[in-house]
Amino acid sequence: MPDPSPRHEIAHLGHVELLTPEPEKSLDFFVRVLGLTENGTDGDSVYLRTWDDYEHHSLKLTAAKTSGVGRTALRASSEEALKRRVVALEERGLGVGWVDGDTGIGATYLFRDPDGHELEVYWETERYQPPEHLRPALKNQAQAYPGRGVGVRRLDHVNYLAREAEANGRFVCDALGGRVTEQIQLDSGVISGQWTHFAQKSYDLVYTNDWTKSNGRLHHIAFATDTREDILRAADIALDNDVHIETGPHKHAIQQTFFLYLYEPGGNRIELCNPTGRLIFAPDWEPVTWTEAERAKGQAWGLKTIESFHTHGTPPVA
């Protein structure tokens, strides 16, 4: 039988590995300030989880010489879907091969996007079983609310910097079954940013053009909160803990996300976001394209985008 459409063969973003040259300070930031929970270690890495992600971990924090993103993990929608995506990746010459998965996940296939970022796809996963002191009162919740720091609910998305955003967005759609929901097109015709998703959430993986023309860098990773009020409270928590606030709280025009951008101690940009309940159900959704003039107006309420938002990425470029 012919290979079915790749749509929905990737279920969701599973977890992401973040590299930090300040492992102790970064760990304190994610646990005490953002409210994640430790769930084991592996060499120089610490596994961390948000309170309502159902898998073993949401974030793998790894000590390294510099900042940046390690592997991003995607969960397939079935074992058969995993096998089909592996074939598609190998056909495009971007597969690396089967590797030992992180704690909590089974057979894992490593690959790269056209820009060189490392990603992996898997099917088998370990559902989180909380210890007694973290057992929730509601059985449909993964873990008890920690009541610590911001208390982020889930890992939301990853935004990569890339030499060519459009080529990477096309790869996500063709090889992984994603779909572009929104994009930016410059007056020159260049697509400078694409937001892609796998299910009803409006975006999972984002690519924006790297002004340094480098490869494999990170713009930010994002964690979602329950409400917009949590974002406002997060700004106060950041202030009290001497955490650098880059910009926000505010509302994006693109995707309408309410946001706050922080730098964690290792230098990586972290977004705290509330998607305001925005979901995409249309099976025939057409990408929303923003022009250069429209983006020049700034964010949703007219605030101009801070310059460092366009120039800061990790690892830093000399």
Side-chain angles (χ1 to χ4, degrees), residues 8 10-18 30 34 36 48-50 52-55 57-61 68-75 113 115 117-121 150 152-162 165 168-169 171-173 176-184 192-210 217-226 228 230-231 234 246-248 250-264 268-280 285 287-288 290 299 309 312-314:
H8 304 302
I10 298 298
H12 61 80
L13 171 65
H15 60 266
V16 64
E17 180 182 23
L18 195 67
F30 285 107
L34 294 197
L36 277 71
L48 299 162
R49 51 171 289 102
T50 64
D52 205 27
D53 276 330
Y54 70 92
E55 296 182 278
H57 58 282
S58 315
L59 179 70
K60 182 180 181 181
L61 187 65
V69 63
R71 296 179 185 174
T72 300
L74 308 173
R75 191 179 183 207
D113 64 18
D115 202 69
H117 300 96
E118 286 192 338
L119 297 95
E120 57 189 23
V121 60
V150 179
V152 292
R153 182 165 195 149
R154 70 166 190 271
L155 175 66
D156 192 77
H157 64 269
V158 181
N159 188 321
Y160 302 108
L161 291 171
N168 288 273
F171 164 77
V172 170
C173 295
L176 301 176
R179 185 170 58 173
V180 175
T181 56
E182 303 197 27
Q183 61 185 5
I184 300 171
S192 65
Q194 285 192 324
W195 284 251
T196 68
H197 77 152
F198 297 112
Q200 274 65 53
K201 186 156 63 74
S202 56
Y203 56 117
D204 297 286
L205 302 180
V206 184
Y207 288 92
T208 48
N209 284 353
D210 191 329
R217 296 209 303 154
L218 174 71
H219 191 274
H220 68 268
I221 66 171
F223 295 91
T225 64
D226 270 347
R228 297 206 306 184
D230 289 330
I231 302 295
E246 182 185 35
T247 185
H250 210 286
K251 179 178 177 178
H252 285 303
I254 295 175
Q255 303 288 3
Q256 300 187 28
T257 308
F258 199 69
F259 68 84
L260 176 71
Y261 285 96
L262 311 171
Y263 290 173
E264 60 87 24
N268 297 294
R269 179 188 285 108
I270 305 297
E271 181 183 15
L272 302 180
C273 65
N274 182 260
T276 62
R278 186 166 183 265
L279 300 171
I280 294 180
W285 178 268
V288 174
W290 298 81
Q299 300 300 329
F309 193 75
H312 180 83
T314 52

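Note that the coordinates shown come from a computational prediction; the quantities given were computed from them, not determined experimentally.
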In sequence, state the C-alpha distance, the side-chain angles, and the governing distance for D53 and R154, and then conclude on salt bridge (charged side-chain N to carboxylate O under 4.0 Å, His left out).
CA-CA 6 Å; D53 276 330; R154 70 166 190 271; over 6 Å; no
Residue pair L48, F30: steps toward the side-chain contact (heavy atoms from CB on, under 4.5 Å) verdict:
CA-CA 8 Å; L48 299 162; F30 285 107; 3.8 Å; yes
Set out, in order, the CA-CA distance, both residues' side-chain angles and the distance that settles ring pair (Phe, Tyr, Trp, His ring centres under 6.0 Å) for H220 and H157, then state yes or no.
CA-CA 9 Å; H220 68 268; H157 64 269; 5.2 Å; yes
With salt bridge (charged side-chain N to carboxylate O under 4.0 Å, His left out) as the test, would you mind laying out the steps for K60 and E120 before giving the verdict?
CA-CA 13 Å; K60 182 180 181 181; E120 57 189 23; over 6 Å; no
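E118 and R71 are joined by a salt bridge, as a carboxylate oxygen and a charged side-chain nitrogen come within less than 4.0 angstrom of each other.
For the side-chain contact (heavy atoms from CB on, under 4.5 Å) criterion with T72, the lone passing option out of D113, L13, V121 is L13. Each of L161, V69, V158 was checked for a side-chain contact (heavy atoms from CB on, under 4.5 Å) with H219, and the lone residue meeting it is L161.
When all heavy atoms of L155 and H15 are compared, the pair lying nearest together is CD2-CA, 3.7 Å. Minimum interatomic distance between A199 and A11 (heavy atoms only, all atoms of both residues): CB-O, 4.1 Å. The heavy-atom pair separating A253 from Q299 by the smallest distance is N-OE1, 3.6 Å.
Legend: residues meeting side chain to side chain contact (heavy atoms under 4.5 Å, CB included) with T225, ordered by chain and number and at least two apart, are V150, V152, D230, I231, N274.
Both the sub-6.0 Å distance and the 45° axial angle are satisfied by R228 relative to the ring of F258.
Between Y261 and F309, the two ring planes are perpendicular [angle over 60°; tilted spans 30° to 60°]. The aromatic rings of Y160 and H117 lie tilted to each other, with the angle between the two planes from 30° to 60°.
Formation of a donor-acceptor pair under 3.5 Å by the D210 side chain with backbone atoms of A162 is not found in this model. Side chain of N268 to backbone of G68: a donor-acceptor contact under 3.5 angstrom is found. Side-chain N or O atoms of S58 include none that pairs as donor or acceptor with a backbone N or O of R49 at under 3.5 Å. Proximity of a side-chain donor or acceptor of H252 to a complementary backbone N or O of Q256 within less than 3.5 Å is not detected.
Note that OG1 of T257 and CZ of R278 are 8.0 Å apart. Values are rounded to the nearest 0.5 Å. The OG atom of S192 sits 15.5 Å away from the OH atom of Y207 when rounded to the nearest 0.5 Å. In this structure, CD1 on I270 lies 11.5 Å from CG on L260, to the nearest 0.5 angstrom. Of the inter-residue distances, the one linking L205 atom CG with L74 atom CG reads 6.0 Å to the nearest 0.5 angstrom. Note that CD of E246 is 3.5 Å distant from OH of Y263, once rounded to the nearest 0.5 Å. Note that CZ of R217 is 12.0 Å distant from CG of N159, once rounded to the nearest 0.5 Å.
Counting only N and O atoms by type, the side chains of Q255 and Y203 include no donor and acceptor under 3.5 Å apart. For the residue pair R179 and H197, a side-chain donor N or O sits within less than 3.5 Å of a side-chain acceptor on the partner. Using a 3.5 Å distance cut-off with no hydrogens or angles, the side chains of Q183 and W195 do not pair a donor with an acceptor.
Between L34 and L272, some side-chain heavy-atom pair lies under the 4.5 Å cut-off. With contacts defined as side-chain heavy-atom distances shorter than 4.5 Å, the pair T181/T196 does not qualify. Here the side chains of E182 and I254 are in contact, with some heavy-atom distance below 4.5 Å. At a threshold of 4.5 Å between non-hydrogen side-chain atoms, the residues V172 and F198 count as touching.
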